[in-house]
Amino acid sequence: MLITGAAGFLGSHLTDRFLADGHSVVGLDNFITGHRDNIAHLSSNPKFSFVEHNISTYTLVDGPLDGVLHFASPASPIDYLKLPIQTLKVGSLGTHNSLGIALAKKARFFLASTSEVYGDPLEHPQTESYWGNVNPVGPRGVYDEAKRFAEAMTMAYHRFHGVDTRIVRIFNTYGPRMRPRDGRVVSNFIVQALNNEPLTIYGDGSQTRSFCYVKDEVEGIYRLFMKGDPQPTNIGNPLEFTVRQLAELVIELTGTTSPIVAKPLPEDDPKVRQPDITRARTMLGWEPKVDLRAGVARTIDFFRGLVGTARMAGTA
Ligand code: UDP
């Protein structure tokens, strides 16, 4: 298996999942948002090899491949605001290169797409048949449109070249190995709570998200790779919470004395988000098992282990 973005949050967990089932994995990452620590435990695994490389540039992979899984991309709103061109390139050129490798190797191709293709949705919950409400020229457009292009490119390789393809639309996922300063709501709140800093709620905190623990997400992705079909498939946890509820849960579970403070709501921030996972349930026999309280508690444990490190401070 070739996994792009293998040193990222999801890519590294997915690498572990494939290795656990006896597959060999070539991991590829250029570390613009991934981190070496996420794959350090694999350094002596004979079934894992790693190439430091940017998939948005020409890529040559030696030997046969059964699967190409394209997980490389900045994926948190502050990352893709800081890296807009790289985000557009990895979704477009990076997807094209990954598809080219899959075609040449006669491998199955798997695209990590996103609930962001639904934009600020006018249908709730979101089923795969919804086409979305995306602002192409807003700050999120660089990510949303790159992923929408990536989906179109994947379907073109499927229809025109006959490549066996999969598209997962990933909803908000959290857990160990998130970057402490990646700006996402779960990591932000936990890091703020552990540092006794105020928890920053953007807007009034009534916007909703549906949070999936990484182990559940990766299991859904693995099953979709193995027994799914080429149509896009939502993988996420349908239990929906307001951002304020999440802040209150983090305060309770960490025991912090941090207050909650309000900050401005970012432009085009989706007001609601909840996956309809009927398709994944029916086709894959999959559903999430870890509830928010248990998952957040495990994630707090991970971040507690980073307290005092350069990684926690955001300098490494
Ligand atoms: N958010 C927040 N405080 C933070 C970070 C994020 O209130 O410190 C909000 C953000 O405005 C959004 C939600 O939490 O409504 C989820 O944000 P995230 O960046 O995790 O991902 P998104 O789902 O927006 O891509």
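Whatever order the structure lists them in is the order used to number ligands and atoms, beginning at 1.
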- ILVMFWY cluster, V25 and L65 together (side-chain gap under 4.5 Å): no
- Message: Looking at K271 and S206, would you say the former's side chain and the latter's main chain have a donor-acceptor pair under 3.5 Å?
- Response: no
- Message: Below a 4.0 angstrom heavy-atom separation, can you tell me which part of T200, side chain or backbone, both or neither, approaches ligand 1?
- Response: both
- Query: When you look for heavy atoms under 4.0 Å from ligand 1, do you find them on the side chain of R209, its backbone, both, or neither?
  - Reply: side chain
- shortest atom 24 (O) of ligand 1-to-protein heavy-atom contact is with R140 NH2, 2.9 Å
- The closest protein heavy-atom partner of atom 7 (O) of ligand 1 is Y202 N, 2.8 Å
- Message: For a quick check under 3.5 Å, do Y118 and R273 share a side-chain donor-acceptor pair by atom type?
- Response: no
- Task: If you have a sec, work out which protein heavy atom is nearest atom 13 (C) of ligand 1 and how many Å separate them, to one decimal?
- Result: V243 CG2, 3.8 Å
- Query: Which one holds for N172 and ligand 1: side chain close, backbone close, both close, or neither close, with close meaning a heavy atom under 4.0 Å?
  - Reply: side chain
- For S98, which of L28, I55, L2 qualifies under side-chain contact (heavy atoms from CB on, under 4.5 Å)? I55
- What part of Q207 sits under 4.0 Å from ligand 1 if we count only heavy atoms: the side chain, the backbone, both or neither? side chain
- In terms of its nearest heavy atom to atom 20 (O) of ligand 1, the top option of D144, D269, V185, V186 is V185
- Backbone N/O of S56 and side chain of N54: donor-acceptor pair under 3.5 Å: yes
